[in-house]
2 protein chains.
Amino acid sequence: MINWQNFQENFDTIAVPAKTVLLNEGAVAQRIYFIKKGCLRLWFNNDGKDVTFQFFFENQSVASIESFRNHIPSQFSIETLEPCVLLSVTKERFYAILDKSTALRKEMEDYSFDRLLSYQYLFLSRIKDSPQKRYEQLLKEHPEIFQRVPQHYIASYLGITSVSLSRIRNRKV
Amino acid sequence: MINWQNFQENFDTIAVPAKTVLLNEGAVAQRIYFIKKGCLRLWFNNDGKDVTFQFFFENQSVASIESFRNHIPSQFSIETLEPCVLLSVTKERFYAILDKSTALRKEMEDYSFDRLLSYQYLFLSRIKDSPQKRYEQLLKEHPEIFQRVPQHYIASYLGITSVSLSRIRNRKV
DNA sequence: TGAATTTCTTAACAATTGTTATCGCTTCCA
DNA sequence: TGGAAGCGATAACAATTGTTAAGAAATTCA
């Protein structure tokens, strides 16, 4: 995990309320964010249905990574779930920082690789686990999510309806 | 896509029959392969059930990438599905080539990024699509798979049983 | 070529999930 | 602070998928 706090002088610190949209589906990402406080979700519109793809919490970097890197319209929207304090930097500044530091470039490479692995891991859990098991794993590994994130977002993240998640939760008491 | 044929002098060309295991789950990957002819699958054992994670065809690179890169035991096995002709290179030689060429290193970075995106894409399809829809997409984008790969491997790749895949196929005529 | 293995389909039943709708409860702002 | 919106539980029914089993068809290989 890259800790952008070391480069804080290059960043703008911003405070935003809950439900603030940082990036709209279809727009090209101009900024990358680092979360000092709060949580966000990355989501997209699937035939009118709101599908949450990923959650982000403190000390994580957030961006529509392929939009940011390849300058293409984002497939996702990014939105705060709580009031947040964020570090924010433009694409230009960001790549200028990368160019100045090979160590940081290496770190960025490793970070990309880790994200690759996390997608592989999530994909794998989709292949081999039932929604029930995915729920139990999420509860075990990230119990804090259930304290901070509305359940219907979690349901869409797990690939099930909120009704089904509610059933699973009450089955397991 | 990296075309390793440009570096063919560093590779061994091997011909292997179908069902040849190139890497066993639990082993550390020592080689990376480039497919000249044939197809392979990457799979793992999930509580006794054979789960196929990915298919590879001509002109693709194959390795348990995290095992190869991080020198850790592979979570997957790699196995040929057809008689194959492969280019094969050891980890040492591979990184020696990378060190010699920054262009190639950049290409490798892009390749890693593309794989990240392909996992993101696959993960996304798991989140938003029904098995039925995933089947239809696979049929549209890679119809050749159904000509070359046994159906029960495709079923496990789609996250369903071969029985269910058979039902879906015969529903859609 | 012929036996053995693999592959695919189909059936019957169980289990799970989706859909739609309703009803309290909580939270959010104006 | 009070009305509106958001959130979670539950019910009833439909649809899909899993499980197990059996048999036909295709493929493999000695």
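Chain letters run A, B, ... following the sequence lines, proteins first and then strands; every chain starts at 1.
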TODO: To the nearest 0.5 Å, tell me how far A:T80 OG1 sits from A:R41 CZ.
DONE: 10.0 Å

Open item on the list: Can you tell me how the ring of A:F55 sits relative to the ring of A:Y157, calling it parallel under 30°, perpendicular over 60° and tilted otherwise?
Closed with: tilted

Open item on the list: Parallel, tilted or perpendicular: which one describes the rings of B:F123 and A:F53, with boundaries at 30° and 60°?
Closed with: tilted

Task: Side-chain H-bond candidate by donor/acceptor type, A:Y119 with A:Q54, under 3.5 Å - done: yes

Between atom [atom1] in [X] and atom [atom2] in [N], what is the gap in whole Å?
X	N	atom1	atom2	answer
B:E79	C:dT6	CD	C1'	14 Å
A:R148	C:dT27	CZ	C1'	18 Å
B:Q147	C:dT7	CD	P	16 Å
A:Q151	C:dT27	CD	P	14 Å
A:H152	D:dG6	NE2	P	9 Å
A:L81	C:dT27	CG	C1'	15 Å

TODO: Scan A:R148, A:K19, A:K37 and name whichever one has a side chain to side chain donor-acceptor pair (under 3.5 Å) with A:E82.
DONE: A:R148

Task: A:S67 side chain vs A:P73 backbone, donor-acceptor pair below 3.5 Å - done: no

TODO: For the pair A:F57 and A:V149, evaluate side chain to side chain contact (heavy atoms under 4.5 Å, CB included) and give the outcome as yes or no after the intermediate values.
DONE: CA-CA 11 Å; A:F57 298 92; A:V149 176; 4.3 Å; yes

Consider only side-chain heavy atoms of I, L, V, M, F, W and Y, link residues closer than 4.5 Å, and tell whether [X] and [Y] are in one cluster.
X	Y	answer
A:I72	A:V28	no
B:W43	B:V21	no
B:L139	B:I154	yes

Protein and nucleotides 28-30 of chain D: nitrogen or oxygen contacts under 3.5 angstrom:
none

Open item on the list: Counting primed atoms plus P, OP1 and OP2 as sugar-phosphate and everything else as base, spell out the protein contacts along nucleotides 10-27 of chain D at 4.0 Å heavy-atom distance: B, S or - for each nucleotide, 5' to 3'.
Closed with: BBB----BBBB-------

Task: Bending between helix ends of the helix from C:dT1-D:dA30 to C:dA30-D:dT1 [5 pairs per end, 10° resolution] - done: 60°

TODO: Check the pair A:E66 / A:S64 against side chain to side chain contact (heavy atoms under 4.5 Å, CB included), numbers first and verdict last.
DONE: CA-CA 6 Å; A:E66 79 280 9; A:S64 173; 3.6 Å; yes

